[in-house]
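To start, the structure itself, in structure tokens.
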Amino acid sequence: MNILITGQNSFTGLILCKQLLSKGFNLYSLTSSNSSKLNPNQNKLLKSIEQNKNYHQLQCNYKKDDAEMIKSIDKNIDLFIMHGYNVLNYKSKELNPIEIANDSTQWLIRFPEYLKEKGCKTVSFTGTYFENFSNDLQTPYSISKKISWNIIKCFFKGFSLINYLFPNPFGVGESKKFANYIITSLKKNEPISINTPYQIRDNIPVDFLIDNYISCILETHSLPNGVIIEKSPSYFVESNFEFACKISEKLKLIVPNFKPIIKIDKEAISDFVSGK
């Protein structure tokens with residue numbers, strides 16, 4: 001099976017590419033090749049991906065002309081996975097969701113035509129679990145993802161479509177996110193300070209998430225043409241404080257005389273926010 005993908009140079013993008021290649025698929029990656037934001041573990045994984053004989057890199061500038069590169073592929077394309085998204089700080093409240101959605105989708109406008117010529121049947125889009133929130137809890141990032149999904153449904157009419165809403169992934173090789181901060185602090189015997197201890201998040205092991213995502217894509221590909229599927233997986237739905245305690249308890253089992261210190265902001269508002 002031949003797969004075209006965007007967004008390889010991210011924590012989840014690298015795991016996605018690794019697992020697709022491990023299953024023996026041919027991978028054609030549209031990438032800017034900018035790896036400056038990757039940490040050492042991620043750079044190591046990227047190098048192993050690039051050395052795989054089934055990996056093919058296509059230099060991408062995120063312009064409409066990039067669609068022409070599809071013609072250069074000497075094989076049919078079975079799947080197109082849109083994992084990349086044009087946003088650097090998805091937590092920012094200053095994002096303009098309309099501009100982000102436009103920048104992330106308009107360069108794809110000619111893709112449906114060329115993908116049809118290559119026999120492509122299935123298109124997958126990576127969303128965010130924030131889209132599950134009620135309207136008053138939406139973020140600019142989740143709003144832009146919703147807009148983009150609606151644009152994609154218009155662009156790729158006639159394809160089988162899947163919108164897979166990513167929860168909050170954690171695992172080996174992640175960037176400087178909450179789980180990484182907890183483990184790094186614990187290794188140094190430093191106290192864990194939690195500013196938002198009562199915020200509920202849906203934390204999910206990244207390997208499980210990506211394996212489930214791939215299974216979902218392949219299942220959609222096997223269904224009759226033209227189906228539209230939206231899926232939102234779930235795993236550890238708990239507060240930041242509970243999640244920190246969970247990781248601490250696991251480390252206590254393997255590290256002798258380990259005594260974690262967790263400090264919470266006593267002034268923090270009990271803001272229970274969940275995507276479910």
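Residues: numbered from 1 along the sequence shown.
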Pairs satisfying ring pair (Phe, Tyr, Trp, His ring centres under 6.0 Å), at least one member in residues 166-191, at least two apart
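As it turns out, the ring pair (Phe, Tyr, Trp, His ring centres under 6.0 Å) pairs with a partner in residues 166-191, which skip direct neighbours, are H83-F166, Y164-F166, F166-Y213, F170-F243.
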Ring pair (Phe, Tyr, Trp, His ring centres under 6.0 Å): which pairs involve residues 94-113, sequence neighbours left out?
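Only Y62-W107, F80-F111, W107-F111 qualify under ring pair (Phe, Tyr, Trp, His ring centres under 6.0 Å).
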Of all residues at least two apart in sequence or in a different chain, which pass the side-chain hydrogen bond (donor to acceptor under 3.5 Å, both in side chains) check with T105?
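T105 satisfies side-chain hydrogen bond (donor to acceptor under 3.5 Å, both in side chains) with no residue once adjacent residues are dropped.
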side-chain hydrogen bond (donor to acceptor under 3.5 Å, both in side chains) against Y28, all qualifying residues, sequence neighbours excluded
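For Y28 there are no side-chain hydrogen bond (donor to acceptor under 3.5 Å, both in side chains) partners, ignoring immediate neighbours.
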Quick one, T6 with C60, criterion side-chain contact (heavy atoms from CB on, under 4.5 Å). Give me CA distance, side-chain angles, the key distance, then yes/no.
CA-CA 9 Å; T6 69; C60 176; over 6 Å; no
Expected output: side-chain [X] to main-chain [Y] donor-acceptor under 3.5 Å:
X    : Y    : answer
D66  : N61  : yes
D78  : N2   : yes
S185 : I192 : no
N225 : G158 : yes
S142 : Q138 : no
E174 : G171 : yes

Is it possible for you to say whether [X] and [Y] belong to one hydrophobic cluster, with membership spreading through side-chain heavy-atom contacts below 4.5 Å?
X    : Y    : value
L165 : Y141 : no
I109 : M69  : yes
L46  : V206 : yes

Atom of [X], atom of [Y] and distance for their closest heavy-atom approach:
X    : Y    : value
P224 : S160 : O-OG, 3.5 Å
T122 : T220 : CG2-CG2, 4.2 Å
Y114 : A67  : CD1-O, 3.1 Å
N212 : P233 : OD1-CB, 4.3 Å
P97  : P140 : CB-O, 3.3 Å
Y85  : S144 : OH-O, 2.9 Å

Summary of salt bridge (charged side-chain N to carboxylate O under 4.0 Å, His left out) pairs that have at least one residue in [range], sequence neighbours excluded:
range            : result
residues 100-114 : D65-R110, E68-R110
residues 117-133 : none
residues 147-162 : none
residues 211-227 : K23-D211

Within the 4.5 Å heavy-atom criterion, are [X] and [Y] side-chain neighbours or not?
X    : Y    : value
L209 : P167 : yes
D207 : Q19  : yes
L58  : I73  : yes
I15  : L45  : yes
I81  : L20  : yes
F125 : K145 : yes
V123 : M82  : yes
I5   : F25  : no

So, using ring-ring contact (aromatic ring centres under 6.0 Å, His included) as the criterion, who are the partners of W149 when residues are at least two apart?
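Once residues adjacent in sequence are excluded, W149 has no partner under the ring-ring contact (aromatic ring centres under 6.0 Å, His included) criterion.
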In chain order, what residues pass the ring-ring contact (aromatic ring centres under 6.0 Å, His included) check against F208, with sequence neighbours excluded?
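Once residues adjacent in sequence are excluded, the partners of F208 under the ring-ring contact (aromatic ring centres under 6.0 Å, His included) criterion are Y235.
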Apply the test side-chain contact (heavy atoms from CB on, under 4.5 Å) to residues N39 and F11: give CA-CA distance (whole Å), side-chain angles for both, the deciding distance (0.1 Å), then the verdict.
CA-CA 9 Å; N39 62 38; F11 168 45; over 6 Å; no
Report the residues that fulfil side chain to side chain contact (heavy atoms under 4.5 Å, CB included) with K250, sequence neighbours left out, ordered by chain and then residue number.
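Per chain and number, K250 pairs via side chain to side chain contact (heavy atoms under 4.5 Å, CB included) with no residue.
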Would you check if there is a donor-acceptor pair between the side chains of N168 and D202 at a distance under 3.5 Å?
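D202 vs N168: no donor-acceptor pair found between side chains.
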Decide whether Y90 and T128 meet the rule of one side-chain donor and one side-chain acceptor closer than 3.5 Å.
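Their side chains do not contain a donor-acceptor pair, so the 3.5 Å distance test is not met.
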If you measure from [atom1] on [X] to [atom2] on [Y], what distance do you get to the nearest 0.5 Å?
X    : Y    : atom1 : atom2 : value
I49  : Q57  : CD1   : CD    : 11.0 Å
S248 : I261 : OG    : CD1   : 10.5 Å
S124 : L16  : OG    : CG    : 8.5 Å
I100 : L95  : CD1   : CG    : 5.0 Å
C216 : I162 : SG    : CD1   : 4.0 Å
L30  : L108 : CG    : CG    : 9.0 Å

Does E238 have any salt bridge (charged side-chain N to carboxylate O under 4.0 Å, His left out) partners at least two apart in sequence or in another chain, and if so, which?
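K246.
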Decide yes or no on side-chain contact (heavy atoms from CB on, under 4.5 Å) for Q106 and I151, but give the supporting numbers first.
CA-CA 9 Å; Q106 291 307 302; I151 292 172; 4.2 Å; yes
With side-chain contact (heavy atoms from CB on, under 4.5 Å) as the criterion, how do M1 and L218 come out once you've worked through the C-alpha distance, each side chain's angles and the decisive distance to 0.1 Å?
CA-CA 10 Å; M1 183 174 285; L218 297 179; 3.8 Å; yes
Answer yes or no for K146 and F130: cation-pi contact, defined as NZ/CZ to six-membered ring centre under 6.0 Å and angle to ring axis within 45°.
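Cation-pi check for K146 and F130: fails.
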Greater than 12 external heavy atoms within 6.0 Å of [X]'s [atom1]:
X    : atom1 : value
L223 : CG    : yes
D136 : CG    : yes
K116 : NZ    : yes

